[in-house]
Amino acid sequence: MAWNYGGDGTIKGENNMGQHYDFARIESKWKKYWEKEDLHKVQMDPNKPKYYVLEMFPYPSGELHMGHIRNYSIGDVVARFHTMKGYNVLHPMGWDAFGMPAENAAIERGIYPAQWTSSNIHSMHRQQREFGLSYDWDREVATCHPEYYRWTQWLFLLFYQRGLAYKRKAEVNWCPSCQTVLANEQVVSGNCWRCDSQVVKKELEQWFLRITDYAHRLLKDLDTLEGWPESVKIMQANWIGRSEGAEIDFPVKGREDSIKVFTTRHDTIYGATYMVLAPEHPLTMELVRGTEREEPVRSFVKEAIRRREETIDPEELGKEGIFLGAYAINPFNGEEIPIWTADYVLMEYGTGAVMGVPAHDDRDFEFTNLHRIPQRIVIMPEKDAPVPETMTQAYAADGYLVNSGPFNGLSVQEAQEAIADYLEEKGIGRRAVSYKLRDWLVSRQRYWGAPIPIVYCDHCGVVPVPMDELPVMLPEKVVFQPGTISSLAHMEDFVHTTCPQCGGPAKRETDTMDTFICSSWYYFRYADARNEEAPFSKEAVDYWLPVDQYIGGIEHAVLHLLYSRFFTKVLYDANLVSCQEPFTNLLTQGMVIKDGQKMSKSKGNVVTPGEIISKYGADTARLFILFASPPERDLDWSDQGVEGAWRFLNRVWRLIHNNLDIFTGEKLKPAHVASGADKDLWHKLHDTIKRVTEDVEKRFNFNTAISTIMELVNQIHRYREQLAAEKQNTALLRETLEKTILLLAPFAPYLTEELWHTMGHKDSVHRQKWPDYDEKALVREEVQIVIQVNGKLRDRLQVPVDMDREELEERALGLERIKGLTAGKEVVKIINVPGRLINIVVR
RNA sequence: GCCGAAGUGGUGGAACUGGUAGACGCGCUGGAUUCAAAAUCCAGUGGGGGCAACCUCGUGUGGGUUCGACUCCCACCUUCGGCACCA
């Protein structure tokens with residue numbers, strides 16, 4: 001495709017109109033130049049405002065895909081733009097390098113995970129360089145390197161010291177295919193987030209991080225994240241799931257115990273006709289012990305738990321339950337209500353016990369219908385309305401209390417206050433808040449992860465590895481063991497160790513950490529990536545953090561993004577960082593799709609970055625991706641669209657090369673803008689600068705930024721073609737062409753660098769200042785006014801901007817077409833939007 | 001079921017604060033250039049009507065507010081995402 005070129009980059013031959021620019025030569029030339037010049041290396045500089053732009057680091061799967069390229073192209077424009085704007089820009093890249101695929105590859109191909117990962121990193125790193133991404137490679141990190149995971153382990157111990165890491169036996173999510181446990185966030189509609197297998201429940205002793213301690217702050221601080229999409233904040237808020245309500249103690253008849261329930265509808269307390277305990281609730285078996293119901297209840301509980309270990313299809317779960325033969329006493333009216341156990345009550349939420357109010361809760365309504373438990377209406381939508389005998393569905397909305405003793409007549413809101421006050425006065429309950437968020441399960445029964453730095457000693461029990469003995473090295477030469485136990489557990493050399501406290505024999509923890517821990521702090525490490533004394537220095541993170549602009553996929557809305565916020569708050573509390581939120585602005589990019597579907601090998605619709613780069617080069621690929629749609633939306637891949645981007649860049653190339661005479665010869669004087677065509681071009685240039693600046697800076701609408709530059713290029717072409725050569729203003733043309741190249745530089749870094757030098761400049765285009773626009777150039781002398789009659793467009797007028805209102809209206813009314821439309825009618829009023837339109841309202 | 005986002009030409013998308021709907025690109029049609037092609041350049045391109053000037057309809061559907069609505073309000077439909085026995 002690229003032939004017929006001279007060594008100096010110009011096109012040879014008589015007709016140079018028809019050829020394409022030699023992207024391959026240009027891109028390899030400038031790539032080397034930039035690397036030699038360390039163009040993208042950054043250091044702390046207190047004299048410059050900092051800007052930290054970050055793309056979510058990738059898992060090193062082996063090859064970049066278009067989603068990556070989109071992610072990096074967006075980040076690169078933001079980085080380059082801010083550099084040109086005078087910021088000290090941190091733009092790093094690294095590898096989320098622990099995780100399952102490396103183990104699978106190891107088993108399939110007989111290659112160690114470390115080797116496989118490292119070779120993947122190499123090839124992806126090379127591709128990233130080809131794309132001309134402005135990373136400071138000196139800060140590159142990989143989470144699987146001991147120099148990195150040493151500090152991941154250090155942070156785990158920090159959490160441990162602060163009481164935020166603990167081990168407990170719990171019912172946890174187990175993925176049978178990945179052979180490991182999963183955090184709640186990693187179960188998507190009952191399936192494993194990674195392999196989509198159905199997840200089952202298992203009771204295991206596991207490590208947790210106490211994220212629930214931070215539930216309140218994680219929720220509250222969402223309000224401070226003005227630069228985040230509403231949708232992500234809502235998803236996090238729903239995930240944290242705060243509910244306000246009350247805890248109420250129900251004494252058990254004939255016993256000392258009482259049952260504590262959590263409810264958000266304590267106003268319906270007089271409607272409670274039964275009580276339900278979760279099958280695992282400690283009182284469930286206790287209440288039936290030694291009675292004739294012990295056996296049936298035991299088998300019910302067993303069965304309920306067994307069902308959870310098999311399939312979890314909420315649709316199939318009915319409302320099974322069994323009466324325990326015991327009664328609770330409603331502390332408000334002394335009524336005795338039967339106590340049941342049922343599998344629709346979860347031990348993990350609230351108190352594991354609920355009061356059943358069938359008349360005002362859909363689930364309770366269903367349950368009582370099934371098990372013939374009475375219902376009692378205590379809320380009516382209207383005050384003083386007759387209370388019906390029966391109902392066909394529960395009434396869960398607002399209303400007024402009935403059948404509720406002294407609280408009758410109160411509204412739901414009033415009753416909630418009054419009843420909560422009453423509970424607290426009598427000491428039989430209290431206001432309470434409950435969260436859906438659970439502690440973060442971080443143990444993984446996998447080899448390829450950061451070892452949890454804990455040893456178990458027969459004498460001393462659970463002992464953390466001292467921080468100065470880190471890292472606990474992951475042995476690289478692993479032999480994989482099929483089965484349910486991590487391969488690490490089979491490595492005797494790893495397992496057997498000595499106790500750091502007593503020196504006696506001890507065993508290491510053989511579970512590794514969830515890789516989401518590794519990715520919860522990497523953005524801090526970039527600030528000080530080679531620090532061997534600490535995860536990072538306070539000085540470095542205080543200078544660079546928080547991340548000003550974070551860019552990545554929406555799929556991490558409640559995974560990585562929630563965990564990272566949690567980590568940041570813990571590090572803040574430990575006085576290691578000064579920010580409470582890690583990411584000031586968040587951009588969630590859409591997917592890259594083709595033919596209406598996600599690109600995938602099985603569908604055969606994959607376009608690889610490699611093939612695009614060899615056919616068109618990096619600039620074309622980047623330009624197309626940024627032009628085809630705004631970043632948050634899905635991007636429809638189109639081969640013809642790529643062709644369009646390619647054509648445009650060639651058009652820019654020719655625009656410069658066909659005007660070379662302008663850039664050589666004598667130094668040109670400042671532009672004198674005289675003729676109408678000059679003024680139009682001058683205005684267009686400054687209008688373009690303004691619009692591109694705003695599109696990139698405020699709106700991230702790179703598609704419209706690029707289309708605006710295209711319009712400018714089209715206008716320059718027209719100017720050259722329609723004006724006789726001697727009438728063309730070369731000074732204006734030169735300024736226009738130079739600024740066009742500057743505006744395009746963040747989008748097409750290679751081509752613009754080449755053309756910048758072609759124009760005679762010696763320094764890199766990427767070290768230039770972003771062009772300013774001249775307010776004077778934006779002021780038009782004439783404007784087009786739209787003339788409407790009754791809101792319909794009927795004519796247009798070209799008038800001086802300063803024409804006064806009366807004259808303008810007179811002119812409008814005098815237009816032939818308007819006269820025809822207003823003849824014989826009464827002009828009711830005239831709307832005048834200055835500089836835009838006149839609307840004549842007639843009757 | 002609950003929460004959220006989005007529906008605009010043949011197509012990707014634009015219209016930023018209620019003020020010219022369809023910028024820019026793709027595709028298509030016609031023309032220039034060429035022996036011919038590729039490449040490039042120019043012109044046209046929402047539907048219907050008219051020789052034309054123009055008229056008329058048109059932003060998922062139905063209402064409403066307004067001089068004026070893709071934009072605001074109400075109801076609904078479709079698609080996509082999140083949550084889902086959370087008391």
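By convention in this document, chain letters (A, B, ...) are assigned in the order of the sequence lines, proteins followed by strands, and residues within each chain are numbered from 1.
- Glycosidic conformation at B/rG68 (O4'-C1'-N9-C4 for purines, O4'-C1'-N1-C2 for pyrimidines): anti, more than 90° from 0.
- Rounded to whole Å, the distance from CG on A/Asp795 to P on B/rC54 is 8 Å.
- Considering all non-hydrogen atoms of both residues, A/Tyr270 and A/Val378 come closest at C-CG1, 3.6 Å.
- Contact annotation: A/Arg796 does not reach the phosphate of B/rG19 (side-chain N/O to OP1 or OP2, under 4.0 Å).
- For B/rC41, neither phosphate oxygen OP1 nor OP2 lies less than 4.0 angstrom from any side-chain nitrogen or oxygen of A/Arg647.
- Taking each heavy atom of A/Val261 and A/Thr351 in turn, the nearest pair found is CA-OG1, 3.3 Å.
- Both A/Thr264 and A/Val187 sit near RNA chain B, but only A/Val187 has its closest nucleotide nearer the 5' end.
- Under the 4.0 Å criterion applied to side-chain N and carboxylate O atoms, A/Glu348 and A/Arg438 are assigned as salt-bridge partners.
- For A/Arg654 and B/rC41, the shortest distance from a side-chain N or O to OP1 or OP2 is below 4.0 Å.
- Nearest-nucleotide assignment on RNA chain B puts the 5′-proximal partner with A/Gln640, out of A/Lys829 and A/Gln640.
- For the pair A/Lys233 and B/rA5, the criterion of a side-chain N or O lying under 4.0 Å from OP1 or OP2 is not met.
- Note: OH (A/Tyr616) to P (B/rC26) measures 12 Å, nearest angstrom.
- Ionic pairing of A/Arg811 and A/Glu809 is not present here: no N-O contact between side-chain nitrogen and carboxylate oxygen is shorter than 4.0 angstrom.
- The side chain of A/Asn714 contributes an N or O atom lying less than 4.0 Å from OP1 or OP2 of B/rG25.
- For the pair A/Arg718 and B/rC41, the criterion of a side-chain N or O lying under 4.0 Å from OP1 or OP2 is not met.
- At the phosphate of B/rU17, neither OP1 nor OP2 sits under 4.0 Å from any side-chain N or O atom of A/Arg836.
- B/rU61 and B/rC77 have their P atoms separated by 15 Å, given to the nearest Å.
- Figure legend: cation-pi geometry between A/Lys319 and A/Phe367 absent, as NZ or CZ is not positioned both under 6.0 Å from the six-membered ring centre and within 45° of its axis.
- Distances shown here put every side-chain N or O of A/Ser231 at or beyond 4.0 Å from the OP1 or OP2 atom of B/rG81.
- A distance of about 10 Å separates the P atoms of B/rU17 and B/rC72, rounded to the whole Å.
- Using a 4.0 Å heavy-atom distance criterion, A/Val786 is classed as a base contact.
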